[in-house]
Amino acid sequence: MSRPKSGPLSRRVGVTPNGLPALRVVDAPAAPAPDSTPPTAPGTPTASAVGPTGLTLAWGPATDNVGVTGYRVHRSANVLVGSTTGTTLAVTGLTAATAYTFTVVAVDAAGNVSPASPPLTVTTADPPAAGGCAVTWTSSSWDTGFTANITLTNTGTSTVNGWTLAFTFPSSGQKVGQGWSANLTQSGTAVTATNVSYNGALAPGASTSFGFNGTHTGTNPKPTTFTLNGAPCTAS
């Protein structure tokens with residue numbers, strides 16, 4: 001007679017009267033309970049670099065029994081502004097001279113969401129006064145392509161913290177391609193350029209430059225009207 005084989009759920013505890021091993025079935029270890037404990041609420045947010053169209057939020061870290069994996073920033077309680085694994089977030093696309101309320105929640109690896117942080121209400125800066133900016137546009141064209149270089153100067157008396165420069169192409173065939181030193185978007189003929197992290201602050205008299213490569217369908221006229229954070233600029 002063959003001997004019974006031991007398995008992962010059995011344990012040898014002695015021998016039977018006929019000399020065979022005696023086995024006792026034991027229970028497998030129970031699977032660990034799933035993590036259902038949410039992180040603690042993050043600290044109250046604070047705002048810095050508040051400009052007409054953007055600001056930077058920071059908050060104290062949350063704690064968790066396993067570990068926090070990220071944070072979600074909300075506006076007006078339920079509008080998701082952005083997510084990050086750190087404790088700061090740059091917020092853009094805001095409207096000048098407008099009050100916004102922000103809260104932050106923490107998330108752990110199991111997807112548990114913390115209670116919201118205490119809210120922060122902050123008002124974006126006023127737009128610069130009309131005539132407080134100047135734009136110089138230079139471009140070179142070839143076949144169906146062109147390169148544009150734009151210099152933006154703050155001609156006002158106060159520092160611009162965060163800028164959005166808007167203009168409209170005269171031709172529907174003009175399209176923005178790869179750019180540098182600004183974030184560029186286009187809808188129809190309307191183009192919007194916003195600052196990047198290193199050139200958002202313009203003291204009175206200061207300038208910054210950016211550019212892009214584009215395409216056209218035969219004509220490449222220069223835009224003639226520009227606005228900085230909603231206020232008109234002089235153009236040359």
Side-chain angles (χ1 to χ4, degrees), residues 47-58 81-82 88-100 122-142 144-217 219-236:
S48 61
V50 179
T53 62
L55 50 86
T56 298
L57 294 174
V81 173
T88 64
L89 182 72
V91 180
T92 60
L94 305 179
T95 301
T98 302
Y100 293 92
V122 58
T123 300
T124 51
D126 293 332
C133 52
V135 174
T136 301
W137 173 289
T138 60
S139 66
S140 58
S141 301
W142 64 91
T144 57
F146 70 97
T147 297
N149 289 284
I150 301 98
T151 298
L152 171 63
T153 302
N154 178 8
T155 60
T157 58
S158 60
T159 298
V160 173
N161 290 303
W163 53 263
T164 297
L165 185 71
F167 60 89
T168 301
F169 280 131
S171 169
S172 61
Q174 293 170 292
K175 304 295 181 184
V176 169
Q178 182 180 15
W180 52 90
S181 300
N183 298 310
L184 293 125
T185 58
Q186 181 172 355
S187 177
T189 58
V191 179
T192 299
T194 58
N195 65 275
V196 291
S197 60
Y198 54 83
N199 64 0
L202 291 177
S207 299
T208 190
S209 296
F210 65 93
F212 60 90
N213 293 320
T215 59
H216 62 84
T217 55
T219 60
N220 186 39
K222 179 174 69 174
T224 58
T225 302
F226 298 84
T227 61
L228 172 63
N229 296 338
C233 300
T234 58
S236 61

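We're numbering straight along the sequence, starting at 1. Just so it is clear, the model here is predicted, and its values are computed rather than measured.
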Q.
Measuring from atom CG of Leu228 to atom CG of Leu202, what distance do you get when rounded to the nearest 0.5 angstrom?
A. 7.5 Å

Q: Return the minimal non-hydrogen interatomic distance between Thr155 and Ala134, and the atom names on each side.
A: CG2-CB, 4.0 Å

Q) Looking at CZ of Phe146 and OG1 of Thr144, how far apart are the two atoms once the value is rounded to the nearest 0.5 Å? A) 10.5 Å

Q: Would you give the length of the straight line joining atom CG of Leu165 to atom OG1 of Thr227, rounded to the nearest 0.5 angstrom?
A: 6.5 Å

Q: Starting at CG of Asp126, measure out to OG of Ser158 and round the result to the nearest 0.5 Å.
A: 9.0 Å

Q | Min side-chain heavy-atom separation Cys133-Leu152 under 4.5 Å | A | yes

Q) Would you say the side chain of Phe210 lies within less than 4.5 Å of the side chain of Val196, judging by non-hydrogen atoms? A) no

Q. Roughly how far, to the nearest 0.5 Å, is CD1 of Ile150 from CG of Leu184?
A. 7.5 Å

**Q.** Which atom of Val176 lies closest to which atom of Gln186, heavy atoms considered
**A.** N-OE1, 2.8 Å

Q | Donor-acceptor under 3.5 Å (Thr215 side chain, Gly145 main chain) | A | no

Q: Would you please test Ser209 and Thr151 for side chain to side chain donor-acceptor pair (under 3.5 Å) and show each step?
A: CA-CA 4 Å; Ser209 296; Thr151 298; 2.9 Å; yes

Q: Specify the closest pair of heavy atoms between Ala148 and Ser139, including all atoms of both residues, with the distance to one decimal.
A: CA-CB, 4.1 Å

Q: Examine the side chains of Thr194 and Thr164 and answer whether a donor and an acceptor come within less than 3.5 Å of each other.
A: no

Q | Non-hydrogen atoms of Gly173 and Thr217 that approach each other most closely | A | CA-OG1, 3.6 Å

Q: Might you work through the side-chain contact (heavy atoms from CB on, under 4.5 Å) test for Thr53 and Thr92, ending with a clear yes or no?
A: CA-CA 6 Å; Thr53 62; Thr92 60; over 6 Å; no

Q) Can you find a pair of side-chain heavy atoms, one from Thr159 and one from Pro204, that are under 4.5 Å apart? A) yes

(Q) Strictly distance-based, threshold 3.5 Å: is any side-chain N or O of Gln174 a donor or acceptor partner for the main-chain N or O of Thr189? (A) no

Q. Taking the side chain as C-beta and beyond, is there a heavy-atom pair between Ser141 and His216 under 4.5 Å?
A. yes

Q. Could you go step by step and tell me if Val191 and Phe212 meet the side-chain contact (heavy atoms from CB on, under 4.5 Å) rule?
A. CA-CA 12 Å; Val191 179; Phe212 60 90; 5.7 Å; no

Q: For the pair Trp137 and Phe167, name the ring-plane relationship: parallel under 30°, tilted 30 to 60°, perpendicular over 60°.
A: perpendicular

Q. Are the side chains of Thr185 and Ser187 in touch, meaning some heavy atoms are under 4.5 Å apart?
A. no

Q. Looking at Ala182 and Trp163, what are the two nearest heavy atoms and their distance?
A. CB-CH2, 4.1 Å

Q. Looking at side-chain heavy atoms only, is the closest gap between Trp180 and Asn149 below 4.5 Å?
A. yes

(Q) With rounding to the nearest 0.5 angstrom, report the CG to OH distance, Leu94 to Tyr100. (A) 4.5 Å

**Q.** Asn195 (side chain) donor-acceptor with Asn161 (main chain) under 3.5 angstrom
**A.** no

